Amino acid sequence: MSDRFFPNVMPDFAEETTEQKDDTTGESLLKLLSMPYPSLSQRFKRAALDLKETIVMETWGLTGQHVRDFTLYSGALGTAFLLFKAYQVDKNKNDLGLCLEIVKACDSSSSASRDVTFICGRAGVCALGAVAAKCAGNEQLLKYYLSQFREIKLSRNVPNELLYGRIGYLWSCLFLNKHIGDGTIPSTTTRAVIDEIIKDGRELAKRGGPPLMYEWYGTKYWGAAHGLAGIMHVLMDFVLKPDEAEDVKATLKYMIKNCFLSGNYPVSEEDRKRDILVHWCHGAPGVGLTLVKAAKVFEDKEFLEAAEYAAEVVWNCGLLKRVGICHGISGNAYMFLSLYHLTGNLEFLYRAKAFACFLLDRAHKLIAKGEMHGGDNPHSLFEGLGGMAYLFLDMFEPPEARFPAYEL
């Protein structure tokens, strides 16, 4: 596994200096870690906004273009989502306007898509379009995107996972209800989907294992992107029936019981021997975020202890040789931010800062030297520099930080 990550030689904690001078020449990683946070947060913000401009040029250009990949994961909608985040942080209406322009192109490109999720499907286009339209005060456009969202239909053969399945559709509903208002997507709509997810999970679980189990292309994944962690994470944002909540709790406790001795988590039920991946999509970072959510929802110390155990894995093995949100350093930093939100422990904020500082100090150099993978889609939100820019914006305001398209 060690060939997948850089050794973490950063100190477990570095005191901030009282020196306020912001000299950017020859800045080492240790100096960044010791910089007073008000100064460092401005560095993160400047770097994020500069990156945003590069990403827009590379993925959209000066006058826009035909959208070949509309998805938030690897395509143009990810750029729109980054612009929306930049607008939330900086209140630059040009960012909001360009976000809506890109969403409009994604709307056209995705009109025939059968994918129903926020991250990889039509629901993300309609949901982001509606929320951005509301922020822009465009009631007509808001109504259009909401009507388009309500036309999305989930067929019986839709899977249950986050990237392409029912749970990804439900997250879109949560996003709309949070930003536009409770009941925008009524509980009757979401409850019908939850019923199908619970039914499928219990049916497959009859073959053994936890109370709920799911397959994606024949594999019983555990992680956030395609498996148990992602499905449980979103289910916990809804009001569940008592027996459903118990099944979610027991499923997560089954995962805790069967984690690796290292504290990391298997990729799948079928592959519980290879302790390899420390990613959001597969492994401790994504499962850990779900355990933090469980600790908050169920007020059960076992979940918090397991989340902190997972965070140790991320700290020791999570400086991946990749930059992105899905399977890179940027995504792994959110493990610490989530624990910081729940506990208020500044050690977790420091660790998130350390991962972000590592990227700020070294990512471009390591990518240029071929020592870090820039992503198959190097400017995208989930694979590339878009995710790093998003993290930097979140590090400007850590209390508001949320893993994009996953945490609310």
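Note that the structure is predicted; figures quoted are calculated from it, not measured.
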| said: Taking Leu33's backbone N and O only, do any of them form a donor-acceptor pair with Lys353's side chain (distance below 3.5 Å, no angle check)? | reply: yes
| Do any N or O atoms from the side chain of Asn177 and from the backbone of Ile185 form a donor-acceptor pair under 3.5 angstrom? | yes
| request: Any chance you could lay out the salt bridge (Lys or Arg N to Asp or Glu O under 4.0 Å) test for Glu308 and Arg351, step after step, and finish with the verdict? | output: CA-CA 12 Å; Glu308 291 176 338; Arg351 290 186 170 192; over 6 Å; no
| query | Quick one: are Val278 and Arg4 in side-chain contact, heavy atoms under 4.5 Å? | reply | no
| said: With heavy-atom distances below 4.5 Å as the criterion, would you say the side chains of Ile198 and Leu235 are in contact? | reply: yes
| If you take all heavy atoms of Tyr164 and Cys120, which pair is closest and at what distance? | CE2-CB, 3.6 Å
| query | Hey, what do you get for SG (Cys126) to CZ (Arg150), rounding to the nearest 0.5 Å? | reply | 11.0 Å
| message | Distance check, rounded to the nearest 0.5 Å: Leu291 atom CG versus Met232 atom CE? | response | 12.0 Å
| said: Cation-pi check for Phe303 against Lys253: NZ or CZ below 6.0 Å from the six-membered ring centre and within 45 degrees of the axis, yes or no? | reply: yes
| query | Would Glu161 and Tyr217 count as having a side-chain donor-acceptor pair, cut-off 3.5 Å? | reply | no
| field | Flag side-chain contact, heavy atom, 4.5 Å: Leu77 against Ile102 | value | no
| message | Closer than 3.5 angstrom, by distance alone: can the side chain of Ser109 be matched with the main-chain N or O of Ala105 as a donor-acceptor pair? | response | no
| Is the side chain of Asn264 donor-acceptor paired with the backbone N or O of Leu277 at a distance under 3.5 Å, no angle test? | yes
| Once you round to the nearest 0.5 Å, how far does OG1 of Thr117 lie from CD1 of Ile152? | 9.5 Å
| Between NZ on residue Lys91 and CG on residue Leu96, distance to nearest 0.5 Å | 9.5 Å
| said: Under a 3.5 Å distance rule, please check whether Glu347 uses its side chain to pair with a backbone N or O of Phe13 as donor and acceptor. | reply: no
| task | Please report the C-alpha distance between Lys52 and Asp90 in whole Å, then the side-chain angles of each, then the deciding distance to 0.1 Å, and finally whether the salt bridge (Lys or Arg N to Asp or Glu O under 4.0 Å) criterion is met. | result | CA-CA 12 Å; Lys52 177 204 69 177; Asp90 210 33; over 6 Å; no
| query | Is a side-chain donor-acceptor pair under 3.5 Å present for Thr59 with Thr79? | reply | yes
| request: Just do the side-chain contact (heavy atoms from CB on, under 4.5 Å) check on Met236 and Leu252 with the steps written out, would you? | output: CA-CA 11 Å; Met236 285 187 287; Leu252 292 173; 4.1 Å; yes
| message | Glu383 vs Arg322, test: salt bridge (Lys or Arg N to Asp or Glu O under 4.0 Å). Steps then yes/no. | response | CA-CA 8 Å; Glu383 292 182 347; Arg322 291 176 176 266; over 6 Å; no
| Val158/Asp115 under side-chain contact (heavy atoms from CB on, under 4.5 Å): CA gap, chis, key distance, verdict | CA-CA 9 Å; Val158 170; Asp115 292 320; over 6 Å; no
| query | Tyr406 vs Trp280 aromatic rings, parallel, tilted or perpendicular, using cut-offs 30° and 60°? | reply | perpendicular
| said: Looking at Tyr87, I'd like to know if the NZ or CZ of Lys93 sits under 6.0 Å from its six-membered ring centre while staying within 45 degrees of the ring's axis. | reply: no
| task | State whether the side chain of Asn8 and the backbone N or O of Asn316 hold a donor-acceptor pair below 3.5 Å, judged by distance alone. | result | no
| request: Might you work through the salt bridge (Lys or Arg N to Asp or Glu O under 4.0 Å) test for Lys31 and Asp361, ending with a clear yes or no? | output: CA-CA 10 Å; Lys31 286 181 179 179; Asp361 187 60; over 6 Å; no
| query | Do Leu170 and Ile197 come close enough that some side-chain heavy atom pair is under 4.5 Å? | reply | yes
| query | For Val267 and Ile276, what are the C-alpha separation, side-chain angles and deciding distance, and is it a side-chain contact (heavy atoms from CB on, under 4.5 Å)? | reply | CA-CA 9 Å; Val267 169; Ile276 296 176; over 6 Å; no
| Hey, is the main chain of Gly168 close enough, under 3.5 Å, to the side chain of Ser172 for a donor-acceptor pair? | yes
| query | Under 3.5 Å, side chain of Asn332 to main-chain N/O of Gly318, donor-acceptor pair present? | reply | yes
| message | Taking the side chain as everything from C-beta on, heavy atoms only, tell me whether Arg402 gets closer than 4.5 Å to Leu408. | response | no
| Side chains of Phe84 and Val131 in contact at under 4.5 Å (non-hydrogen atoms) | yes
| query | Where do Ala307 and Leu339 come nearest, in terms of heavy atoms and distance? | reply | O-CD1, 3.9 Å
| So Phe403 and Phe382, would you call those rings parallel, tilted or perpendicular, with 30° and 60° as cut-offs? | perpendicular
| Verdict with supporting geometry, Leu49 and Lys45, side-chain contact (heavy atoms from CB on, under 4.5 Å) | CA-CA 6 Å; Leu49 295 179; Lys45 182 180 176 181; 4.1 Å; yes
| said: Taking ring-ring contact (aromatic ring centres under 6.0 Å, His included) as the criterion, tell me which of Phe396, Phe81, Tyr334 meets it with Tyr390. | reply: Phe81
| request: Step through it carefully: locate the ring centre of Phe392, locate the ring centre of Phe44, and say whether they are under 6.0 Å apart. | output: yes
| query | Of all heavy-atom pairs between Tyr265 and Ala306, which one has the smallest distance, and what is that distance? | reply | OH-CB, 4.3 Å
| task | Please report the closest heavy-atom contact between Gly386 and Leu381, naming both atoms and the distance. | result | O-CD1, 3.7 Å
| task | Check whether any side-chain heavy atom of Leu32 sits under 4.5 Å from a side-chain heavy atom of Arg43, and report yes or no. | result | yes
| request: State the CD-NZ distance between Glu139 and Lys134, to the nearest 0.5 angstrom. | output: 8.5 Å
| Side chain to side chain, Trp222 and Arg272, heavy atoms closer than 4.5 Å | yes
| Got a donor-acceptor contact below 3.5 angstrom from the Thr251 side chain to the Leu212 backbone? | yes
| Checking ring-ring contact (aromatic ring centres under 6.0 Å, His included) against Tyr169, which of Phe118, Phe149, Phe175 comes through? | Phe149
| task | Would you confirm whether Asp247, through its side chain, and Pro211, through its main-chain N or O, come within 3.5 Å as a donor-acceptor pair? | result | no
